[in-house]
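Every chain is numbered from 1 and lettered A, B, ... according to where its sequence line falls, protein lines coming before strand lines.
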There are 2 protein chains.
Amino acid sequence: MPDATDPAPMNARRKFRREGEERRRQDLIEATLDSVAEYGLQGASLRTIALRAGVTAGLIRHYFPGKEELLQEAYATLVGRMTEHAKAALVAEDASPRQRLAAFVTANLNAPIIDTRVFSLWATFLGRAGADPALARAHREGYLGFRNEVEAVVAEVLAAEQRKPDASQLRHHAIAINAVIDGLWIEGCLAGEMFLPGELAAIGIKAVETELGLAPLEQFQEK
Amino acid sequence: MPDATDPAPMNARRKFRREGEERRRQDLIEATLDSVAEYGLQGASLRTIALRAGVTAGLIRHYFPGKEELLQEAYATLVGRMTEHAKAALVAEDASPRQRLAAFVTANLNAPIIDTRVFSLWATFLGRAGADPALARAHREGYLGFRNEVEAVVAEVLAAEQRKPDASQLRHHAIAINAVIDGLWIEGCLAGEMFLPGELAAIGIKAVETELGLAPLEQFQEK
DNA sequence: GGCCTTGTTGCGCAAGTGTATAAATAGCCT
DNA sequence: AGGCTATTTATACACTTGCGCAACAAGGCC
């Protein structure tokens with residue numbers, strides 16, 4: 001016989017708190033990124049996402065028209081975060097162009113940019129770029145913005161060395177530098193433990209400076 | 001009233017041909033890769049794959065224990081194809097080391113290696129590497145094999161120039177060269193039309209030769 | 001030609017999917 | 001304190017998914 005003072009009815013409806021709209025959207029997007037990174041696009045069901053966000057599945061449709069839109073916003077958030085953080089190192093300091101370039105490379109080849117979760121998300125979404133023009137465009141814009149930043153610093157670096165490359169050479173330098181950083185980033189994300197701490201950044205800086213024909217600093221010169 | 005000579009009964013069972021075991025397995029794997037590239041891991045259902053292969057879904061279970069195993073075999077096939085084709089340019093010719101290295105770069109930065117379908121597959125599967133150790137191991141083995149090949153040619157190239165790099169320098173060169181090629185490959189796959197034909201290969205060769213400190217050939221020298 | 005093996009189909013099933021919608025309640029406003 | 005409303009839960013629904021299984025027939029063998 002149940003105690004008359006039992007405060008918990010058998011079929012109690014789940015307790016919940018009301019959150020501000022922006023907070024909930026943020027939480028749902030974060031839960032989406034977590035789910036995609038962990039289970040892939042296939043395993044990231046609305047119920048999985050909702051569970052991770054601490055709500056029930058139906059709520060998602062209160063904030064997003066459908067799953068498609070949720071994924072798109074999540075991807076936009078990811079891209080924004082990546083490019084924002086990546087470009088920060090370029091503008092923050094008031095050091096020499098060469099130092100800023102080195103800082104940029106270093107920033108991109110260490111945590112938190114080198115991170116398996118971010119890589120999983122990057123690869124998962126980009127795998128759909130071939131079939132989804134919206135994704136492809138989002139990537140291209142991010143990539144071009146990134147490359148233009150690189151090109152600008154490269155121009156400054158070379159100008160500081162009294163060199164006057166033409167537009168084509170500048171473009172090629174930027175493309176190549178961008179490629180090394182991307183490639184090293186991938187290797188670091190996928191097999192970070194194969195490299196010593198700071199090794200990838202050292203390789204990257206050396207490769208970039210060699211590409212630009214900068215004279216090696218004394219302490220790094222080959223014998 | 002149906003014609004008595006009508007040769008097609010209303011509920012005719014589908015006609016089919018028996019194929020050799022190896023042929024069917026190949027077809028199913030190919031259909032799997034096609035489906036994954038086009039619809040992603042989520043959209044590549046057994047029924048989609050079977051439709052593409054020209055069979056019914058039930059047959060797949062006659063050749064594979066489950067979907068998981070089918071996907072794993074498909075990925076293994078893909079990796080095998082990529083590394084095989086990539087390494088072919090290295091060993092085929094009896095040219096100078098420097099020419100073989102250039103041919104290797106060129107081969108990796110043109111069709112059929114630069115291909116949106118292959119990239120989609122690569123990214124889609126690799127997006128799961130963070131959560132699936134089997135995938136991560138498969139990638140690492142392919143990557144290391146690839147890098148070792150690069151390192152071997154680099155050693156030959158430098159030896160032909162009378163230079164004696166130590167093991168660490170050799171390793172760093174191989175890592176950097178591998179990274180440029182990977183980065184340029186990605187850019188070519190995702191935004192091939194942003195580059196002139198052969199431009200990526202030219203950028204790659206120049207970057208690789210600069211990385212190794214090779215004197216530029218006359219016709220490519222900067223003015 | 002007729003049989004026998006087994007590759008192949010067709011169908012059913014339980015679980016899970018995204019979406020729709022009604023019912024409940026948390027928290028602000030007065 | 002008490003009502004209003006928007007947020008949240010809960011449930012339903014049509015559909016797809018991977019898998020199991022029995023019936024069927026294609027093609028080699030005698």
Partner set under salt bridge (Lys or Arg N to Asp or Glu O under 4.0 Å) for Glu149(A), not counting sequence neighbours = Lys87(A)
Could you encode protein contacts along nucleotides 11-23 of chain D as a string, one character per nucleotide from 5' to 3', using B for base contact, S for sugar-phosphate-only contact and - for no contact, with a heavy-atom cut-off of under 4.0 Å?
-> -B----BBBS---
Within less than 4.0 Å of OP1 or OP2 of dT8(C), is there a side-chain N or O belonging to His62(B)?
-> no
Please identify each residue that fulfils salt bridge (Lys or Arg N to Asp or Glu O under 4.0 Å) with Arg17(A), with sequence neighbours left out.
-> Glu19(A)
Who are the salt bridge (Lys or Arg N to Asp or Glu O under 4.0 Å) partners of Asp115(A), not counting sequence neighbours?
-> none
Applying side-chain hydrogen bond (donor to acceptor under 3.5 Å, both in side chains), name anything that partners Gln26(A), two or more places apart in sequence or on another chain.
-> none
For the pair made of NZ in Lys15(A) and C1' in dA24(C), what is the distance, rounded to whole Å?
-> 11 Å
Which residues satisfy the salt bridge (Lys or Arg N to Asp or Glu O under 4.0 Å) test with Arg81(B), sequence neighbours excluded?
-> Glu30(B)
Just how far, in rounded Å, is P of dT8(D) from CD1 of Ile60(A)?
-> 12 Å
By ring-ring contact (aromatic ring centres under 6.0 Å, His included) - contacts of Phe119(B) (at least two apart) | Trp122(B), Trp185(B)
Atom pair distance, as rounded to whole Å: CZ in Phe16(B) and C1' in dG7(C) = 7 Å
What one should report as the nearest heavy-atom pair of Arg47(A) and Ala57(A) is CG-CB, 3.8 Å
With respect to the phosphate group of dT9(C), does any side-chain polar atom (N or O) of Arg14(B) fall under 4.0 Å of OP1 or OP2?
-> yes
Below 4.0 angstrom from OP1 or OP2 of dG7(C), is there any side-chain N or O of Tyr63(B)?
-> no
Can you check whether Asp132(A) reaches Phe125(A) side chain to side chain, under 4.5 Å on heavy atoms?
-> no
To the nearest Å, give me how far apart CZ (Arg17(B)) and P (dT9(C)) are.
-> 12 Å
Could you list by number each residue of residues 18-35 of chain A showing a heavy-atom separation from DNA chain D of less than 4.0 Å, or answer none if no residue does?
-> Arg18(A), Glu19(A), Arg24(A)
Give Phe64(B) one of three labels, base, sugar-phosphate or nothing, depending on what nucleic acid heavy atoms sit under 4.0 Å from its own.
-> nothing
Under 3.5 Å, side-chain donor or acceptor atoms of residues 64-76 of chain A against the rest of the protein: list the pairs with distances, not counting sequence neighbours.
unit_1, atom_1, unit_2, atom_2, d
Lys67(A), NZ, Ala44(A), O, 3.0
Glu69(A), OE1, Gly66(A), N, 3.2
Glu73(A), OE1, Arg25(A), NH2, 3.4
Glu73(A), OE2, Arg25(A), NH2, 2.8

